[in-house]
Structures are given as C-alpha cells and as structure tokens.
Number of protein chains: 2
Amino acid sequence: MVDTLEAYIRARISHNDTQLTDVLSAFVTRKVRRGEMLLQAGEVCQHCYFVAKGCIQVFVSTDGGTETSRDFVFENNWLTDIYGFANQQPSQEFFRAVEPSVVMAIHRDQFGRMQQQVPQFEQIYRQILEQSYATTVYRVNTFIALDALDRVRWLMQHQPRILSRLSNKLVASYLGISPETLSRIKARL
Amino acid sequence: MVDTLEAYIRARISHNDTQLTDVLSAFVTRKVRRGEMLLQAGEVCQHCYFVAKGCIQVFVSTDGGTETSRDFVFENNWLTDIYGFANQQPSQEFFRAVEPSVVMAIHRDQFGRMQQQVPQFEQIYRQILEQSYATTVYRVNTFIALDALDRVRWLMQHQPRILSRLSNKLVASYLGISPETLSRIKARL
DNA sequence: CTGAAACGTTGACAAAAGTCAAGAGTGGGG
DNA sequence: CCCCACTCTTGACTTTTGTCAACGTTTCAG
C-alpha cells in the first residue's frame with residue numbers, strides 16, 4: 001500500500017530518492033476494520049493519516065447520540081484533526097472506518113522532524129491545509145443556504161461518490177437531514 | 001491605525017525593529033464605507049486584509065439574490081479569500097463592510113516577498129490558516145446538526161458579539177434561518 | 001434635523017422536514 | 001452461503017420553519 005502514497009508524493013514534490021525513502025519510512029501501514037475508530041472525540045490526535053484504501057467517516061456526536069458527518073475521506077486523501085494535531089488539543093470529532101480500510105500513519109513527532117528535514121514536506125502540509133480549508137468553506141456556503149432537495153442535487157453534482165458508495169443513513173448524516181427525507185427525495189428525482 | 005496591526009504582530013512573533021518596520025510598510029491603510037465591497041465574487045482576491053476597525057461581512061449570493069453570510073470579521077482579525085489568494089482563483093464570496101471600517105491591505109506580491117524575507121511571516125500565515133480552518137470546521141459541525149433555536153443558543157454562547165453588534169437580518173443570514181424566525185426565537189428566550 | 005428607505009415584529013397560513021411505526025429488502029460476518 | 005441485524009421505504013401525523021403582508025420603529029445620508 002506504500003506505493004499509493006509514494007505515487008501521491010512523487011506527483012507533487014520535487015525530490016531525490018533518498019529523501020523520498022526517508023519520508024516513506026516515517027509512515028506505518030495500518031489496517032482498519034469496518035466500524036473501527038481511528039480517533040475518539042476528546043482524544044488528542046497524534047497522527048496524520050494518508051488513506052490508501054477504503055473510506056473514513058469524520059463525524060461528531062450529540063448528547064442524544066445523533067451522529068453528523070462532516071466529511072468522508074476516501075483513498076488518496078489525507079485525514080487528521082488538523083487543529084488538534086498541530087496544537088495538541090483534544091478532538092471534537094470521531095474518525096471511523098465505514099469500509100475495510102488501509103491507512104498510512106505518521107506520528108506527530110516524525111511529522112515535525114520531516115517538516116524540518118524535508119522542506120517540501122512543509123509545502124505538502126500547507127497544500128493539505130489550504131485544500132481542506134477550501135473544501136470546508138465550500139461546504140458551509142453551500143449548505144447553510146440550501147434546503148434538503150438542493151443539498152442532494154449539490155451532492156450529485158459535486159460528490160457523486162458519496163451518494164453511490166455510502167449508505168443512505170451515512171449520506172443523510174452528511175446532508176443534515178433524516179434518512180427518511182433523503183429516501184423520499186431520491187424517489188422523486 | 002497601523003498601531004493596531006503593529007501590536008498584533010508584536011504580540012505574536014519575535015522580531016527586530018527593522019524587520020517589523022519592513023513588514024508594516026508593506027501594508028496600505030484603506031478606509032471602507034458602510035456597504036462598500038472589498039471583494040466581488042468572480043474576482044481574484046489580490047489582498048490580505050487586517051481589519052483594524054469595523055466589521056466585514058463574508059457572504060455568498062444565490063441566483064435568487066438571497067445572501068448567506070459565512071463569517072463576520074471584526075477588528076483585529078484577518079480577512080482574505082485564502083484559497084483564491086494563494087492559488088489565484090476567482091472568489092465565490094463577497095466581502096462587504098457592514099460598518100464604517102478601516103483595513104490594512106497587503107498585496108499578494110508583497111505578501112510573497114515578506115514570506116521569503118521574514119520567516120516569521122510564514123508562521124503567521126500558517127496560524128491564520130489553521131485558525132480559520134478550525135473555525136470553519138466548528139461551524140459545519142455545529143450547524144448541520146442544530147435546529148434554529150439551538151443555533152441561536154450556540155451563537156449566544158460562542159459569538160455573542162455577532163448577536164449584539166449586527167442587525168437581525170445579518171444574524172439570520174449567518175444562521176441560515178429567516179429574519180422572522182430569528183425574531184420569534186429571540187422573543188421567547 | 002428630517003424623511004425616505006430599510007429593518008423589526010407579529011399574525012395567518014403554507015410548505016418543508018422530522019418523527020414514529022411497520023414491513024420489505026439486503027449485505028456482510030461467521 | 002445463509003441468517004440476523006441493520007437498512008430502506010412508505011404512510012400518517014406533528015413540528016418546525018418559511019412566506020407574505022401589514023404596520024410600527026429605527027437609521028443614516030443629505
């Protein structure tokens with residue numbers, strides 16, 4: 001699975017092979033079973049993950065037990081509680097594999113070391129940060145304004161993968177609507 | 001107004017006075033009238049602003065003309081379309097002064113120069129990025145799950161300034177509810 | 001100061017979405 | 001490969017929120 005990560009990095013930064021090997025060896029491969037948690041709310045996130053296979057749900061849980069998904073991270077994407085990871089603050093979110101998954105994990109300490117040793121690593125971090133931020137801003141702008149129907153339409157246009165690959169229950173938790181409403185909306189499209 | 005920015009920077013980075021002067025001189029002071037736009041959707045954001053006084057509304061506009069506010073940036077905070085600013089992409093958002101305001105503007109070219117010349121500048125940028133990201137994540141997690149009443153309660157707890165300082169219409173556009181609903185909710189609290 | 005334009009409040013009604021329940025369908029762990 | 005737990009769908013009903021309208025209040029630009 002390290003090849004997925006290697007390809008990702010090769011495509012993005014200039015490098016020499018020694019450095020690339022160094023970077024790759026800082027990552028640990030980890031299999032995650034369906035339903036298994038990678039991070040619990042309240043925990044301080046110590047790892048940055050590259051999802052090599054599968055899908056990780058990022059969600060919050062209310063007192064009533066309702067779960068709301070902020071994001072689904074598929075293969076070839078990064079996953080971490082960025083703010084908590086950088087500032088050693090407890091996470092408010094949970095990470096859970098919703099498919100059998102494989103992640104490449106780098107510990108915070110190694111991550112810091114890499115940032116100092118490999119300048120391009122810093123660049124990648126900033127790219128991830130900027131990209132994640134842009135995605136989240138987009139999500140706020142879209143969803144505060146739209147009703148249930150338009151949210152589904154938006155998802156069909158911008159994230160069809162979420163609709164086709166995940167259960168209605170999960171999709172509904174991403175859209176902030178009930179599964180029943182989602183079911184009815186899909187029926188009349 | 002440059003003193004506001006100077007205090008902000010002094011409080012955050014180690015420096016020598018020559019560097020600080022260099023940094024400050026890269027900024028241009030600009031008065032913004034109430035209602036005046038600092039950025040139009042579709043435009044590429046060329047500046048990073050430090051709001052020294054007043055309040056800038058960050059919002060999107062739907063085809064129907066409905067405006068939804070993603071953020072209100074008060075004095076002592078940074079304002080830019082981060083993704084578009086960094087990647088020279090058109091903005092989807094508008095920036096508008098909702099109070100008579102004063103901003104300190106730094107052009108993208110100067111910004112890049114400062115990042116190279118003053119290492120701490122890079123740190124500040126990353127801080128802003130991480131902070132903005134965290135805020136936006138918080139907003140998504142909160143609002144997708146909550147109904148109108150709980151959104152208002154959340155705002156009272158976390159952003160009372162928005163409630164007390166801005167008009168009901170603006171607050172409603174931030175909460176994603178109608179002004180009438182907000183008015184009714186406030187009446188029975 | 002002042003008046004026009006925007007804003008806030010309230011009521012009546014309509015539309016959207018949630019809740020609860022029950023039965024059919026499905027998928028993945030053993 | 002099969003069965004059980006979970007999910008999906010549909011219906012009936014309730015609750016929440018939006019919309020439209022009317023009118024009083026505020027605000028700020030000239």
Side-chain angles (χ1 to χ4, degrees), chain A residues 31-37 53-55 57 59 62-69 72 96-102 142-155 162-189, chain B residues 31-37 53-55 57 59 61-69 72 96-101 142-155 162-189:
Chain A
K31 279 198 184 186
V32 200
R33 273 196 290 272
R34 179 196 180 78
E36 194 180 335
M37 292 286 187
K53 184 164 168 293
C55 176
Q57 176 194 16
F59 69 101
T62 64
D63 24 292
T66 316
E67 295 179 355
T68 312
S69 304
F72 295 102
R96 177 171 52 201
V98 292
E99 297 177 1
S101 306
V102 179
T142 310
F143 283 71
I144 295 285
L146 303 184
D147 62 11
L149 177 58
D150 285 334
R151 290 183 195 182
V152 175
R153 286 207 184 107
W154 184 90
L155 206 61
I162 288 182
L163 267 170
S164 59
R165 197 158 144 185
L166 303 175
S167 71
N168 260 17
K169 197 191 169 191
L170 288 175
V171 175
S173 82
Y174 180 84
L175 294 177
I177 62 180
S178 70
E180 291 93 334
T181 299
L182 177 57
S183 184
R184 279 184 253 265
I185 286 172
K186 281 173 104 172
R188 59 185 167 87
L189 270 184
Chain B
K31 278 197 188 190
V32 199
R33 273 197 290 271
R34 179 196 181 78
E36 194 180 335
M37 293 285 188
K53 184 163 170 295
C55 176
Q57 175 194 17
F59 68 100
S61 181
T62 64
D63 23 292
T66 316
E67 296 180 354
T68 312
S69 303
F72 295 101
R96 176 170 55 199
V98 292
E99 298 176 1
S101 305
T142 308
F143 283 69
I144 295 286
L146 302 184
D147 63 12
L149 177 57
D150 286 334
R151 289 184 195 182
V152 175
R153 286 204 185 111
W154 184 91
L155 207 61
I162 288 182
L163 268 170
S164 60
R165 197 157 143 185
L166 303 175
S167 72
N168 261 18
K169 197 190 170 192
L170 288 175
V171 174
S173 82
Y174 180 83
L175 294 177
I177 63 180
S178 70
E180 290 93 337
T181 298
L182 178 57
S183 184
R184 279 184 254 264
I185 286 173
K186 282 173 104 172
R188 60 182 167 88
L189 270 183

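Chain A is the first sequence line, chain B the second, and so forth, proteins listed ahead of strands; every chain is numbered from 1.
Nearest approach of Thr68(A) to Ser173(A), heavy atoms of both residues: CG2-O, 3.4 Å. Here the shortest heavy-atom pairing between Arg151(B) and Ile177(B) reads NH1-CG2, 4.4 Å.
Side-chain contact check for Glu99(B) versus Arg165(B): some heavy-atom pair is nearer than 4.5 Å. Annotation: side chain of Leu155(A) is in contact with side chain of Val171(A) (closest heavy-atom distance under 4.5 Å). Contact check for Tyr174(B) versus Phe143(B): side-chain heavy atoms found under the 4.5 Å cut-off. Taking the side chain as every heavy atom from C-beta outward, Gln57(B) and Ser69(B) approach each other to under 4.5 Å.
Rounded to a whole Å, the CZ atom of Arg188(B) is 12 Å from the P atom of dT10(C). Remark: P of dT10(C) and CD1 of Ile185(B) are 13 Å apart, rounded to the nearest angstrom.
Evaluation of the side-chain contact (heavy atoms from CB on, under 4.5 Å) rule for Arg153(B) yields Leu149(B), Asp150(B) as partners, not counting sequence neighbours.
The distance from atom CD of Glu36(A) to atom NZ of Lys31(A), rounded to the nearest 0.5 Å, is 12.0 Å. Rounded to the nearest 0.5 Å, atoms CG (Leu163(A)) and CG (Leu170(A)) are 11.5 Å apart. Note that CG of Leu166(A) and CZ of Phe72(A) are 5.0 Å apart. Values are rounded to the nearest 0.5 Å. Note that CZ of Arg34(A) and SG of Cys55(A) are 10.5 Å apart. Values are rounded to the nearest 0.5 Å.
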Are there any protein N/O atoms within less than 3.5 Å of an N/O atom in nucleotides 2-8 of chain C, and if so, which ones and at what distance?
| from | atom 1 | to | atom 2 | distance (Å) |
| --- | --- | --- | --- | --- |
| dC7(C) | OP2 | Lys169(B) | NZ | 3.1 |
| dG8(C) | OP1 | Asn168(B) | N | 2.7 |
| dG8(C) | OP2 | Lys169(B) | N | 3.2 |

Return the polar atom pairs (N/O with N/O) between nucleotides 19-21 of chain C and the protein under 3.5 Å, or none.
| from | atom 1 | to | atom 2 | distance (Å) |
| --- | --- | --- | --- | --- |
| dT19(C) | O4 | Arg184(A) | NH2 | 2.8 |
| dC20(C) | N4 | Glu180(A) | OE2 | 3.4 |

Could you go over nucleotides 23-28 of chain C and give all protein N or O partners under 3.5 Å, atom names and distances?
none

Self-check item: salt bridge (charged side-chain N to carboxylate O under 4.0 Å, His left out) between Glu67(A) and Lys169(A), worked out
Solution: CA-CA 10 Å; Glu67(A) 295 179 355; Lys169(A) 197 191 169 191; over 6 Å; no
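Counting 5' to 3', DNA chain D first comes under 4.0 angstrom of a heavy atom of chain A and last does so at the ends given by dT7(D) to dA12(D).
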For residues 178-189 of chain B, tabulate all N or O donor-acceptor pairs below 3.5 Å that involve a side-chain atom, not counting sequence neighbours.
| from | atom 1 | to | atom 2 | distance (Å) |
| --- | --- | --- | --- | --- |
| Ser178(B) | OG | Thr181(B) | N | 3.2 |
| Ser178(B) | OG | Thr181(B) | OG1 | 3.0 |
| Lys186(B) | NZ | Asn168(B) | OD1 | 2.7 |

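Across all strands shown, Gly176(B) has heavy atoms under 4.0 Å from sugar-phosphate atoms exclusively, and none from any base.
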